[in-house]
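Following: one structure in structure tokens, then a few remarks.
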Amino acid sequence: MRRPVLLLVLPLLLATGCAPTRADLFDGPSDPHSAEAFDQRAAQVEKAWQPGTAWRTGYVPLEGPTVLTGDPRFTPDTEAAFRAGWYRTQVPMYPTRVGGEIRFPDGRLTLPLVSAAEAYRQLDQGDPLPCPGRPKRPGLPTPGGPTVEPGPDGWTTSSTQTACLSLTVTGVTLGAVPVRTSRGEAQVPAWLFDVEELATPVARLAVAPTAVGRVPAPTAPTGPLPAGLVAAQNLAAVDGARVTVRLGVGACDTGIIPLVWERPDIVVVGGRVTRAAGECIDVLKVEPVTVTLATPLGARPVLDVFTGAPLSMASR
């Protein structure tokens, strides 16, 4: 039961562009002075952080381009389809391009947007594999054999073993959604796709790729983390001064304590753990922890103490 945890966490590590190895993250038994070692490393991270002009004046999103606008009330099949990007549409997608305005806490920025047609092409990652044995859409009878249903995206079938559902787009409008960016939470233009099988629209951020700034490459401190310290993988939630991060810990680690270095311009996070004595399965797992800052996070970046990279929001 522990193997899937490793498969789930590895993409998060690789996304930083500087993926730590297990030897980097887990270097010997816990050190009673690890909190002091954390402060020393966090100070190095702070000194190395030089994000550039685009970070403060442009549009640099810290979330993925596909956002749920509320609780979708997933079933196992609809969640699988959403994660895989399986869609079909019952409405036309117009190619007209427009401009739009991002509203930041510190100002506004007008940028070019992609059309609804382009946004849908980015959203739709293909169709499920043929899976005879059940209807494509929930609620349809299965009269003893495979049900095959044509649609705008081609032929799709279903199976009792494999999720074979495509999400049905029934409408699209241009709106705005809250997105965490390098300048704090902003209202960003997005194409809102109404989906028959979900309780809430699926938003695809509409800013043209040429206008999207990149997260700057981190300059990490040299050497592995001091013993007993662990790295942060991503942000799970931000609510004023309460920040929830996901730490990467060992399968047998206990006594998980979040550590934070707060300054007027940045926040550095990591954690401290107690290592298990003896043998332990070689698995990295994600552990959410919450810290309360002295002041609301605002536009300050949250940096990982290991890589020095700014943390992005986990998929939601």
Side-chain angles (χ1 to χ4, degrees), residues 12 15-18 45 48-70 85 93-125 172-193 201-219 232-240 243 245 264-269 296-304 307-316:
L12 298 174
T16 66
C18 186
V45 169
W49 176 245
Q50 301 291 335
T53 304
W55 183 266
R56 299 181 179 89
T57 62
Y59 168 59
V60 182
L62 298 177
E63 295 190 41
T66 302
V67 179
L68 288 168
T69 58
M93 296 292 168
Y94 296 105
T96 305
R97 295 187 180 185
V98 295
E101 184 180 74
I102 300 177
R103 299 193 301 275
F104 297 98
D106 62 352
R108 302 189 177 196
L109 185 63
T110 299
L111 294 174
L113 306 183
V114 299
S115 67
E118 290 172 289
Y120 181 75
R121 283 195 295 269
Q122 296 167 359
L123 186 70
D124 183 16
Q125 298 300 303
V172 58
T173 57
L174 183 62
V177 293
V179 175
R180 180 153 184 83
T181 75
S182 62
R183 296 164 63 180
E185 186 174 271
Q187 290 292 323
V188 178
W191 289 104
L192 307 178
F193 294 95
V202 174
R204 182 75 185 188
L205 301 185
V207 178
T210 54
V212 177
R214 293 186 177 183
V215 175
T219 304
Q233 307 300 311
N234 55 27
L235 289 173
V238 175
D239 183 9
V243 178
V245 301
D265 297 326
I266 69 162
V267 173
V268 182
V269 294
L297 179 63
R300 290 180 292 175
V302 180
L303 308 181
D304 168 40
T307 63
L311 299 181
S312 295
M313 292 292 295
S315 299
R316 51 181 169 130

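All of these numbers come straight from a predicted model, not from anything done at the bench.
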Test item: R300 and I266 side chains (from C-beta on) under 4.5 Å apart, heavy atoms: no

Which residues pass the side chain to side chain contact (heavy atoms under 4.5 Å, CB included) test with R56, not counting sequence neighbours? P51

Hey, are the side chains of T57 and L109 touching, using non-hydrogen atoms and a 4.5 Å cut-off? no

Closest heavy-atom contact between A211 and P112? CB-CD, 4.1 Å

What closest approach, in Å, do V179 and P61 show between heavy atoms, and which atom pair accounts for it? CG1-CB, 4.5 Å

Nearest atoms (heavy-atom pairs only) where N234 meets S312: CB-O, 3.3 Å

Can V269 and L303 be said to form a side chain to side chain contact (heavy atoms under 4.5 Å, CB included), step by step? CA-CA 6 Å; V269 294; L303 308 181; over 6 Å; no

State, yes or no, whether a side-chain contact exists between V188 and Y59 at a heavy-atom distance under 4.5 Å. yes

Please confirm whether the backbone N or O of A232 pairs with a side-chain atom of D304, one donor and one acceptor, at under 3.5 Å? yes

Please find the pair of heavy atoms, one from V215 and one from P310, that lie closest to each other, and give the distance. CG1-CG, 3.3 Å

Which atom names give the shortest non-hydrogen contact between A190 and L174, and what distance separates them? O-CD1, 3.5 Å

Start with the C-alpha distance between L123 and W191, add both sets of side-chain angles, then the distance that settles side chain to side chain contact (heavy atoms under 4.5 Å, CB included), and finish with yes or no. CA-CA 10 Å; L123 186 70; W191 289 104; over 6 Å; no

With R97, which residues qualify under side-chain hydrogen bond (donor to acceptor under 3.5 Å, both in side chains), at least two apart? E118

Distance (rounded to the nearest 0.5 Å) between R180 CZ and L297 CG: 4.5 Å

So Y120 and F193, would you call those rings parallel, tilted or perpendicular, with 30° and 60° as cut-offs? tilted

Show, in sequence, the C-alpha distance, side-chain angles and deciding distance for V245 and L235, and conclude whether the side chain to side chain contact (heavy atoms under 4.5 Å, CB included) test is met. CA-CA 4 Å; V245 301; L235 289 173; 3.6 Å; yes

I'd like to check T219 versus Q50 (side-chain heavy atoms, cut-off strictly below 4.5 Å). Are they in contact? no

Given 3.5 Å as the limit, does a donor-acceptor pair link the side chain of R183 with the main chain of A299, or not? no

Heavy-atom nearest pair, V114 first then V207, reads CG1-O, 4.4 Å

I'd like to check R204 versus P65 (side-chain heavy atoms, cut-off strictly below 4.5 Å). Are they in contact? yes

What's the spacing between L205 CG and T66 OG1 if we round to 0.5 Å? 7.5 Å

Report the distance from atom CG of L113 to atom OG1 of T96, rounding to the nearest 0.5 Å. 12.5 Å

